[in-house]
There are 2 protein chains.
Amino acid sequence: MKDLPALPPDHEANVLHPLCPSRLVLAHLTSRWGALILVALEGRTLRFSQLRRALGNVSERMLAQTLQGLETDGMVRRVAHDVVPPHVDYSLTPMGEEAAGLVKGLARWVEGRLPEIMALRAARG
Amino acid sequence: MKDLPALPPDHEANVLHPLCPSRLVLAHLTSRWGALILVALEGRTLRFSQLRRALGNVSERMLAQTLQGLETDGMVRRVAHDVVPPHVDYSLTPMGEEAAGLVKGLARWVEGRLPEIMALRAARG
DNA sequence: AGAAGTACATACATTTTGGTAAGTATAATT
DNA sequence: AATTATACTTACCAAAATGTATGTACTTCT
């Protein structure tokens, strides 16, 4: 995940553009694992390895990286207990819960349209 | 953009997962240029080169590719007039308009939260 | 006559993303 | 004594995404 560049002067025109800050945050929310993490954490707290198992097959590298991106965006809250072996809890901030809801909404909409979409593909493809 | 794989038997668990069909459609909608195209075409028809100018700096390659992905998903309608020089109109299907609305909603939400997010970054970073 | 505009396709190069494997410190378990 | 579990990091490599350059076929503008 990248750092956010400063807002360009002509902000209005660049909304959603690849180099626009909002675009990068959106990318974090909808990234390969970002969306999954948001949905997995909705309403509950999970530890690193629990989350990993919940998502099925994320590499530790990507899970850590994606979580950090969401954390610096203020979507995820990380609480580390200083014990051995390590114990770290991840949960969503209020803003993160909102984001999760929106992403889930989009996902649900896509799922609802999937039969239609796949039928189109089958017909034309 | 990839072809959609068949739905795996344990569909419920894989929703949004990287290899799930719905995930790929979502990826098309939120891809670097996909989101921009949806918003740019909302409620209007544009030709290839108009769209290109509207988006600012897409390469022809990416514009064509992304449009094709959205077209096979049934989001974009392509109408080619058989004249020389070529003239091709792009617009959103009803489903595409819905998708555009949702994506725009997400984008707006992110923009609304941007000050908060950037303040967090500035404070912690 | 030469250049520009149109909507792409294709080959090639580069950038970005993601995975794999290994390392870290320490306690509990076998 | 070796293994397992935890939550990561780092180096390295393969794969995917994206950009660049070029070609096409024909017409209009200069």
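Because the structure is predicted, anything quoted here is derived from the model rather than measured.
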Taking NE2 from A:His28 and P from C:dG18, how many angstroms apart are they, rounded to a whole number? 11 Å

My understanding is that only residues two or more places apart in sequence, or in another chain, count here; which of them pass side chain to side chain contact (heavy atoms under 4.5 Å, CB included) with A:Ala119? none

Nearest-Å distance, CG (A:Leu36) to P (C:dG18)? 12 Å

Residues passing the side chain to side chain donor-acceptor pair (under 3.5 Å) test with A:Glu60, sequence neighbours excluded, are none

Pairing annotation in dot-bracket form, given for DNA chain D with Watson-Crick or G-U pairs under 3.5 Å and | for cross-strand partners: ||||||||||||||||||||||||||||||

What is the minimum heavy-atom distance between A:Ile117 and B:Asp73, and which atoms define it? CG1-O, 3.6 Å

Picking from C:dG19, D:dA7, C:dC8, which would you name as closest to the side chain of A:Arg47? D:dA7

Can you find a pair of side-chain heavy atoms, one from B:Tyr90 and one from B:Thr45, that are under 4.5 Å apart? no

Heavy-atom closest contact (A:Arg23 atom, A:Pro18 atom, distance): CG-CA, 3.9 Å

Contact check, side chains of B:Thr72 and A:Leu120, non-hydrogen atoms, under 4.5 Å: no

Identify every side-chain donor-acceptor pair in residues 91-100 of chain B under 3.5 Å, counting partners at least two apart or on other chains, and give the distances.
from    : atom 1 : to       : atom 2 : distance (Å)
B:Ser91 : OG     : B:Arg77  : NE     : 3.4
B:Thr93 : OG1    : B:Gly74  : O      : 2.6
B:Thr93 : OG1    : B:Met75  : O      : 3.2
B:Thr93 : OG1    : B:Met95  : N      : 3.4
B:Thr93 : OG1    : B:Gly96  : N      : 2.9
B:Glu97 : OE1    : B:Gly43  : N      : 3.3
B:Glu97 : OE2    : B:Gly43  : N      : 3.2
B:Glu98 : OE1    : A:Trp109 : NE1    : 2.7
B:Glu98 : OE1    : A:Arg113 : NH2    : 3.0
B:Glu98 : OE2    : A:Arg113 : NH2    : 2.4

Distance, rounded to the nearest Å, where A:Gln65 contributes CD and C:dT17 contributes P: 9 Å

Rounded to whole Å, how long is the line connecting atom CZ of B:Arg52 with atom C1' of C:dA9? 14 Å

If you take any heavy atom closer than 4.0 Å to DNA chain C, which residues from residues 53-63 of chain A end up in contact? A:Ser59, A:Arg61, A:Met62

Heavy atoms only, 4.0 Å cut-off, all strands: where does A:Arg78 land among base, sugar-phosphate and nothing? sugar-phosphate

Between D:dA7 and A:Gln50, is there an OP1 or OP2 to side-chain N/O distance shorter than 4.0 Å? no

Expressed as a whole number of angstroms, how long is the span from A:Ile37:CD1 to C:dG18:C1'? 14 Å

Can you name the residues that form a side chain to side chain contact (heavy atoms under 4.5 Å, CB included) with B:Asn57, not counting sequence neighbours? A:His17, B:Trp33

Rounded to whole Å, please give me the gap between CG in A:Asp89 and C1' in D:dT6. 13 Å

For DNA chain C, find the residues of residues 80-87 of chain B with a heavy-atom distance under 4.0 Å and give them by number; none if there aren't any. B:Pro85, B:Pro86, B:His87

Is B:Arg52 reaching over with its side chain to a backbone N or O of B:Val58, donor-acceptor style, under 3.5 angstrom? yes

Not counting sequence neighbours, list each pair that qualifies as a salt bridge (charged side-chain N to carboxylate O under 4.0 Å, His left out) and has a residue in residues 38-47 of chain B. B:Glu42-B:Lys104

Any ring-ring contact (aromatic ring centres under 6.0 Å, His included) involving residues 52-86 of chain A? Give me the pairs, sequence neighbours left out, ordered by first then second residue. A:His81-A:His87

